[in-house]
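Read through the structure below, which is laid out as structure tokens, and then see the notes.
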Amino acid sequence: MEDLLVLLLRLLGVIAQGVFYFVMEFLIKGPGYLIHRLSAGKHADPEGLFAFVFGILFWVVVGFGAYFIYRLV
């Protein structure tokens, strides 16, 4: 029974790691890199801090925009 529980917990850990990787790489760093590349040109680093910061700011702006559009309608 303990082996089954350990296997289940490992499976949940792998799934959580995959979800975290998807969120970080595609939903945060992806838009952040594209925005950073607009200002820095070819010198933008897709794994850099600026990509992460711009990605977070992108989703904050999208969230505020969605909220204000919702309030208008």
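- Cluster annotation: Tyr21 and Val14 are assigned to distinct hydrophobic clusters (Ile/Leu/Val/Met/Phe/Trp/Tyr, side-chain heavy-atom contacts under 4.5 Å, transitive).
- Within a 6.0 Å radius of CZ in Phe58, other residues, nucleotides and ligands contribute more than 12 heavy atoms.
- Nearest approach of Pro46 to Ala51, heavy atoms of both residues: O-CB, 3.8 Å.
- If you take CZ on Phe54 and CD1 on Ile28, they are separated by 15.0 Å, rounding to the nearest 0.5 Å.
- Sequence neighbours left out, the pairs with a member in residues 17-36 that pass salt bridge (charged side-chain N to carboxylate O under 4.0 Å, His left out) are Glu25-Lys29, Lys29-Glu47.
- Interatomic distance, Ile69 CD1 to Phe64 CZ, rounded to the nearest 0.5 Å: 13.5 Å.
- Note that the CG atom of Leu4 and the CG atom of Leu8 stand 6.5 Å from one another [nearest 0.5 Å].
- You'll find the side chain of Leu27 reaches within 4.5 Å of the side chain of Phe22, heavy atoms only.
- In the hydrophobic clustering of this structure, Val60 groups with Val23; members are Ile, Leu, Val, Met, Phe, Trp, Tyr whose side-chain heavy atoms approach within less than 4.5 Å, directly or through other members.
- Here the options are Asp3, Leu9, Leu7, the test is side-chain contact (heavy atoms from CB on, under 4.5 Å), and the partner is Leu5; only Leu9 passes.
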If you look only at distance, which donor and acceptor atoms sit under 3.5 Å apart when one is on a side chain in residues 33-44 and the other is two or more places apart or in another chain?
{"unit_1": "Tyr33", "atom_1": "OH", "unit_2": "Arg37", "atom_2": "NH1", "d": "3.4"}
{"unit_1": "Ser39", "atom_1": "OG", "unit_2": "His36", "atom_2": "O", "d": "3.0"}

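- One hydrophobic cluster, built from ILVMFWY side chains closer than 4.5 Å, cannot hold both Val61 and Ile56; they sit in different ones.
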